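Not measured: the values here are computed from a predicted model. Residue numbering restarts at 1 for every chain, and letters A, B, ... go by the order of the sequence lines.
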There are 2 protein chains.
Amino acid sequence: MPAGVDDAPAVRRSPGRPPIASARIVDAALQVIDEQGLDSLSMRSLAKHLNSSTATLYRHFPTRAALVQGVIDRVMGEVDVDAANFRALTWRQGCEKISLDIFEAFGRHRQTALLLADHTPIGPNAAAVRERTLAVLIDGGFDVKVAARTGAMLAHLILGFASQYGGERETTAADRETFRKAIHGMDLSQFPATAAVRRARWLPTTVDQEFQFALQLLLDGLGLMRSGG
Amino acid sequence: MPAGVDDAPAVRRSPGRPPIASARIVDAALQVIDEQGLDSLSMRSLAKHLNSSTATLYRHFPTRAALVQGVIDRVMGEVDVDAANFRALTWRQGCEKISLDIFEAFGRHRQTALLLADHTPIGPNAAAVRERTLAVLIDGGFDVKVAARTGAMLAHLILGFASQYGGERETTAADRETFRKAIHGMDLSQFPATAAVRRARWLPTTVDQEFQFALQLLLDGLGLMRSGG
DNA sequence: ACCTGAACACCGTTCAAGT
DNA sequence: ACCTGAACACCGTTCAAGT
């Protein structure tokens, strides 16, 4: 149950009305995205889903982008940042755990991953995730500046890979067709490596598998660096 | 000068009209994106830019997404895939060269990088880049299947990082404000690692620097793997 | 004080009508 | 055969008008 935006101090509220809370709006938005797809989320459709009007939404978020940031932070809230669950882990295990946790959170809400190209996470839950990442690295013996650099790099790696979830769908048959001719028209003998891969019957892997591959190699490299490579 | 879509066989054309070519449309689209920003590219604005009409654009591309794919492939066309320029390089140097080349191409057209989340490159130039990457790895002694896996992973790494170019701008002051309170309201003493980084006066790095950092670590890891780690 | 319908200035896409 | 203006069904955002 992640913290929302204006309902963080859930108690002391301007008296009278109950907190119809931005969190409710964000939850509804995420629900629409998960169930009907990102394209189905408009201020109008969301307002209708809440039996409200678009202008009311704008009293909680100054713009659609701000609402989207709320949704992203809602997803970030699903990441485990409890210090207790990291205490027994090495820096490498800790990095692996939180990285996979973030990636899996956006894997559970694949349509929101598309938003990551336009919107760098800036919410409080993102800040908590960042804190945990930095703590894992610093506690693991990394120099503070190196830890900061590494944490920022890891964040881009994770969110960058997650944003690639989108490419798996989205391109319609008609769009592929636009290029099919051009590609089939190419001299395949000039593409020996591609042909070799085809002959080896290599099956394309999923974004998940490729992320794990990249993460392991990168952690290997980090280990090398830390031990003074 | 990258190959376009329907003007690849530039000579043998249905007689009469000159090839008003999809390539011209794509060039104009990229120009609009570079000069006025991605948000300024609409079928209407592009049509006006070409002294044409939207319906005419649809005679060249079945949908806006297909046109966008054309733009992406146009950028991919700026990547050096000439075999001669790779002959003298080790697999690691070759990987580094093509990876940076791709990343820099989208760095020169930052606004197009935003498109990478929604649209996995599928054009002929993307195919040529893929071929060169695979060739570098296979010629470098990688097993064909491992090379395929590695090439796919590298592609996601590069495009994922490139797609993060977008987050640098886009979030407006008003949107950040939505979260400023919530974050400042947080107990900063509960964020010791973040505080330590702030004390160390660490300056945030650019996406470019972080990509290079990640790429080097990853290549280190690959080297380890190749030498039977 | 809070909420609403309607308006404004846009979209992508399609199609009847023109030359 | 090729192109066009206008239409259709949407957008995000704003604002006068209601209670």
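Regarding B:Asp39, its CG atom lies at a distance of 12 Å from the C1' atom of D:dG12, rounded to whole Å. Between B:Ile25 atom CD1 and D:dC3 atom C1' there is a gap of 13 Å when expressed in whole angstrom units. The CG atom of B:Leu57 sits 11 Å away from the C1' atom of C:dG12 (whole-angstrom rounding). Following rounding to the nearest Å, B:Arg64 (CZ) and D:dC11 (P) show an atom-to-atom distance of 16 Å. Remark: P of D:dT13 and NE2 of A:His60 are 16 Å apart, rounded to the nearest angstrom. D:dT4 atom P lies 13 Å from atom CG of B:Leu46, rounded to whole Å.
When side chains are defined from C-beta on, B:Leu218 counts as touching B:Leu154, because their heavy atoms get closer than 4.5 Å.
In this structure, A:Tyr58 and B:Ala55 both approach DNA chain D, and ranking their closest nucleotides by distance from the 5' end singles out B:Ala55. Across the interface with DNA chain C, nearest-nucleotide mapping of A:Arg44 and A:Asn51 shows A:Asn51 to be the residue nearer the 5′ end.
Listed pair A:Arg59 / C:dC3 meets the phosphate criterion, a side-chain N or O lying under 4.0 Å from OP1 or OP2. Residue B:Thr63 has a polar side-chain atom (N or O) positioned under 4.0 Å from OP1 or OP2 of C:dT13. Proximity of B:Thr54 to the phosphate of D:dT4: no side-chain N or O atom is located under 4.0 Å from OP1 or OP2.
Comment: A:Asp82 does not engage A:Lys97 in a salt bridge, judged by the lack of any side-chain N to carboxylate O separation of less than 4.0 angstrom.
Shown here, D:dT19 forms a base pair with C:dA1; the pair counts as Watson-Crick or G-U wobble because both key distances fall under 3.5 Å. Nucleotide C:dT14 forms a Watson-Crick or G-U wobble pair with D:dA6, both donor-acceptor distances falling under 3.5 Å.
Each of B:Leu46, B:Val71, B:Asp39, B:Val75 was scored for a side-chain contact (heavy atoms from CB on, under 4.5 Å) with B:Ile33, with one residue passing: B:Val71.
Side-chain N or O atoms of B:Asn125 include none that pairs as donor or acceptor with a backbone N or O of B:Met76 at under 3.5 Å. No donor-acceptor distance shorter than 3.5 angstrom exists from the side chain of B:Asp34 to the backbone of B:His109, with no hydrogens or angles considered.
As judged by a 4.0 angstrom heavy-atom cut-off over every strand, A:Thr56 is placed among the base-contacting residues.
Which of C:dC2, D:dC2, D:dT13 sits closest to the side chain of A:Met43 comes down to D:dT13.
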